[in-house]
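Counting starts at 1 for both ligands and their atoms, following the listed order. All values below come from the heavy atoms of this structure, side chains included, with hydrogens, waters and symmetry mates left out. Owing to the predicted nature of the structure, the values given are computational and were not obtained by experimental measurement.
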Amino acid sequence: MKILNARVLDLAADTATGPVTVEIDDGVITAVGAAAAPAGPGDLDAAGRFVLPGLVNSHEHLSLKGCLLDPDGDQYYDVYRAPAEQQLLQCARSLLLSLSRGITTVRDAGAAWSVNLPARAAVRNGVLPGPRVFTCGQVLSIPFEGEQVKTAGMTVDAAGVPGVVDAVAELVKQGVDFIKLKGHRRDFSDPNRNNYFTAEEIITAGQEARRHGLKFALHAWHCHVVAPALAAGVVDSIEHGNPLHEQPELIARMAADGVIFVPNAISWAPRPEARWSRYPDMAGIALEKVWDSVRLAIERGVTLAAGTDLHCDQLHTELQAYVELGLTTTEALKTATVNGARLVGMQDELGAVEAGKLADLVVLDGDPRQDLTLLATPWQVIARGVVHDGAELRRLVATRP
Ligand SMILES: [Zn+2]
């Protein structure tokens with residue numbers, strides 16, 4: 001199929017070219033250039049609209065998407081404690097919701113009972129429409145005796161170096177795409193206490209992930225969790241990363257080593273209206289400083305990847321935060337395309353509209369560099385070569401009037 005009269009956004013050059021024709025064959029972009037043939041059946045006339053790479057949501061929980069946004073809805077641990085079947089159905093809905101917002105790749109950062117794995121399989125096998133899914137399965141965590149976390153299948157728990165080695169091997173056996181370790185563990189039933197992995201345990205998890213050929217993501221709300229992983233050179237991404245600004249040398253090290261920062265700045269926004277403010281116990285982790293880390297990381301040239309996490313479900317709002325904190329809109333768009341592609345190891349296949357790349361594309365009514373909110377209502381979404389009409393997707397996911 002072809003997309004005719006397209007203006008193609010080149011994020012590397014910060015230019016829009018066109019109108020051109022984008023030719024797609026069997027899920028791969030085969031040519032981008034002057035129109036070679038008239039429109040045929042199945043072709044799209046973009047009529048001057050903007051084509052850019054499909055978006056990558058670099059930190060998402062398909063099983064939770066939107067679940068915590070309703071102020072009268074279920075509480076944090078109730079959502080996690082729902083039956084696995086119910087959480088799997090939520091994943092199915094989230095796949096469609098992601099597509100409706102131009103997201104063609106999702107990096108799922110953890111689900112109870114690893115329900116993200118069958119969701120990934122459903123897309124790969126053509127059972128459900130959806131974005132490409134990369135997932136860590138369950139999160140690797142230190143044990144905590146709190147009542148609430150214990151009853152939810154949120155994590156794979158491990159303690160001690162041999163325990164960590166076994167847990168990573170177990171996740172690898174399940175077929176996960178990366179390992180995510182949660183550096184600390186707390187529970188609302190005992191908000192004054194955190195359990196931490198030791199430096200040795202964290203480094204071991206990173207080394208084991210690498211030994212199995214997987215990337216290692218570190219969920220960290222504390223500098224002392226980040227420091228040993230960076231020093232040992234075993235970490236690919238820092239998730240959350242607050243309060244890294246308190247130790248700027250860690251941010252400098254991330255920039256030097258190409259460690260990607262996935263801050264989820266909107267989900268954990270330091271604002272009274274932020275969704276996490278429903279959970280006052282979480283404020284024990286200096287959340288009011290989240291944006292200071294992001295601002296400094298931007299200043300020092302750390303590569304950012306955009307994610308929505310728990311309390312946000314619109315990726316463009318994350319990009320707007322990065323612009324507020326110092327990125328240009330083009331740089332912000334890269335955090336949701338090329339940088340995300342790199343994070344999931346697909347930098348050669350995704351992240352640009354050019355011949356040879358996979359046909360994961362969004363077609364927008366205008367130039368997102370002028371207006372990032374255009375990302376929320378794509379005209380067409382092409383995921384894994386399949387064309388989805390944006391308005392149709394939005395109708396399908398509108399379950400409430
Ligand atoms: Zn998360």
Student: Quick check on the 6.0 Å ring-centre criterion: do Tyr196 and His224 meet it?
Tutor: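 Ring centroids of Tyr196 and His224 are less than 6.0 Å from each other.
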Student: Taking only Lys NZ, Arg NE, NH1 and NH2, and the carboxylate oxygens of Asp or Glu, determine whether Lys357 and Asp348 approach each other closer than 4.0 Å.
Tutor: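 Looking at Lys357 and Asp348, the cut-off is not met.
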Student: For residues Asn339 and Thr303, is any side-chain donor paired with an opposing acceptor at under 3.5 Å?
Tutor: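 The criterion, which ignores hydrogens and geometry beyond distance, is not satisfied for Thr303 and Asn339.
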Student: At the Zn ion (ligand 1), what angle lies between atom NE2 of His61 and atom OD1 of Asp309, rounded to 10 degrees?
Tutor: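 The two atoms form an angle at the metal of about 90°.
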Student: Specify whether an N/O/S atom of His219 falls short of 2.8 Å from the Zn ion (ligand 1).
Tutor: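 So His219 does not count as coordinating the Zn ion (ligand 1).
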Student: Would you please say whether a donor-acceptor pair under 3.5 Å links the side chains of His219 and His240?
Tutor: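 The answer is yes; a qualifying pair exists.
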Student: Determine which of the N, O or S atoms in His59 is closest to the Zn ion (ligand 1) and give its atom name.
Tutor: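 Result: NE2.
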